[in-house]
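Below is one structure; the comments refer to it alone.
Predicted model, so just to flag it, every value in this text is computed and none were measured.
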Amino acid sequence: IFYRDNWYLDAYCHTRKDLRSFAVDSIKKAFITNNKADEISEKQLQEVFAESYGIFSGKANQRAKLKFSPERARWVANETWHSEQSGVFDKDGNYILEFNYNKDPELVMDILKHGSNVEVLAPAGLRKRVKDEISKSLKNYSSLNI
């Protein structure tokens, strides 16, 4: 798959004994074997590779709920964060975006790039992770006397 300007190979990982996405530019070597490939059902592929947000595959086990400011809402409302996302404008012009995810590293980065124009409403664990990252970032500027 081509995702965010990078190529990935979705395949079975013999080390992890599970389906994974591999960054093609990180594959060091490949070789041909005489082993027969296993057939994976379309349902299983969908659950692993399409159900969750971003490049981190796996069955979704959490639901993100984000609130974007009216200033940012008009752009975010036209973005696809997940194929099965839902989004609505509230009475104040904020955009409320919801989607399922499994692991949050990529999601936290994407939230942080919106700065003060986004608030994580749910789940509490994601809200805390974003808050902790913001707190760590602020420490980088603690010596500034502005």
Side-chain angles (χ1 to χ4, degrees), residues 1-33 35-141:
I1 64 166
F2 190 68
Y3 176 73
R4 293 193 174 187
D5 297 325
N6 293 292
W7 283 101
Y8 295 88
L9 173 66
D10 293 341
Y12 183 80
C13 176
H14 293 276
T15 302
R16 303 280 187 257
K17 307 267 189 269
D18 203 1
L19 294 170
R20 293 283 196 270
S21 291
F22 299 91
V24 172
D25 63 352
S26 295
I27 296 174
K28 304 250 187 289
K29 66 180 178 176
F31 54 92
I32 298 173
T33 70
N35 298 342
K36 182 181 176 202
D38 293 333
E39 292 291 326
I40 309 294
S41 73
E42 189 64 36
K43 180 179 184 271
Q44 185 179 1
L45 292 172
Q46 182 73 14
E47 285 176 354
V48 173
F49 294 117
E51 195 171 296
S52 293
Y53 172 82
I55 202 63
F56 292 101
S57 60
K59 189 161 180 60
N61 56 13
Q62 299 183 77
R63 186 154 181 89
K65 185 174 185 180
L66 311 175
K67 179 174 78 172
F68 292 89
S69 68
E71 294 80 23
R72 193 62 52 100
R74 67 183 193 169
W75 286 284
V76 175
N78 292 317
E79 295 176 354
T80 301
W81 287 52
H82 187 277
S83 61
E84 296 179 19
Q85 71 188 34
S86 64
V88 296
F89 285 92
D90 69 13
K91 63 179 178 54
D92 298 319
N94 299 298
Y95 186 68
I96 311 300
L97 177 64
E98 294 188 59
F99 53 87
N100 296 329
Y101 73 98
N102 179 14
K103 297 175 186 161
D104 66 14
E106 182 182 5
L107 178 53
V108 170
M109 288 189 308
D110 286 343
I111 291 167
L112 290 171
K113 75 180 181 184
H114 290 280
S116 63
N117 288 298
V118 63
E119 178 185 358
V120 176
L121 301 177
L126 178 60
R127 185 175 171 91
K128 182 179 182 333
R129 282 257 297 126
V130 170
K131 181 182 181 225
D132 291 347
E133 283 298 316
I134 293 168
S135 295
K136 285 192 274 185
S137 293
L138 285 172
K139 288 179 185 175
N140 292 336
Y141 301 95

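The heavy-atom pair separating V120 from R127 by the smallest distance is O-NH1, 2.5 Å. Residues A73 and Y95 approach most closely at CB-CB, 3.5 Å, considering heavy atoms. Smallest separation of non-hydrogen atoms from F89 and A77: CZ-CB, 3.7 Å. The two residues N117 and R72 have their closest heavy-atom pair at ND2-NH2, 2.9 Å. Residues H114 and V76 come closest through the heavy atom pair CE1-CG2, 3.9 Å. Nearest heavy atoms, Y101 versus K103: CD1-O, 3.8 Å.
Legend: residues meeting side chain to side chain donor-acceptor pair (under 3.5 Å) with K136, ordered by chain and number and at least two apart, are E133. Looking at residues two or more places apart in sequence or on another chain, you find a side chain to side chain donor-acceptor pair (under 3.5 Å) between R63 and S86, E98, N100.
Taking the side chain as every heavy atom from C-beta outward, L9 and S21 never approach each other to under 4.5 Å.
Taking CG of D10 as the start and CG of L45 as the end, the distance is 8.0 Å to the nearest 0.5 Å. Taking CD of E119 as the start and NZ of K65 as the end, the distance is 10.5 Å to the nearest 0.5 Å. In this structure, CH2 on W81 lies 6.0 Å from CD1 on I111, to the nearest 0.5 angstrom. Note that CG of L121 and CG of L66 are 7.0 Å apart. Values are rounded to the nearest 0.5 Å. Expressed to the nearest 0.5 Å, how far CD of Q62 lies from CG of L107 amounts to 9.5 Å. Atom CH2 of W7 and atom OG of S26 lie 15.5 Å apart (nearest 0.5 Å).
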Does the pair L19 and Q44 meet the rule for a side chain to side chain contact (heavy atoms under 4.5 Å, CB included), with working shown? CA-CA 10 Å; L19 294 170; Q44 185 179 1; 4.1 Å; yes
Does R129 form a side chain to side chain contact (heavy atoms under 4.5 Å, CB included) with D104? I'd like the steps, not just the answer. CA-CA 9 Å; R129 282 257 297 126; D104 66 14; 3.1 Å; yes
Under the side chain to side chain contact (heavy atoms under 4.5 Å, CB included) rule, what do Y12 and D38 come out as? Steps first, then yes or no, please. CA-CA 9 Å; Y12 183 80; D38 293 333; 5.6 Å; no
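Judged by distance alone, with hydrogens and angles left aside, the side-chain atoms of D90 form a donor-acceptor pair with the main-chain N or O of D92 at under 3.5 Å.
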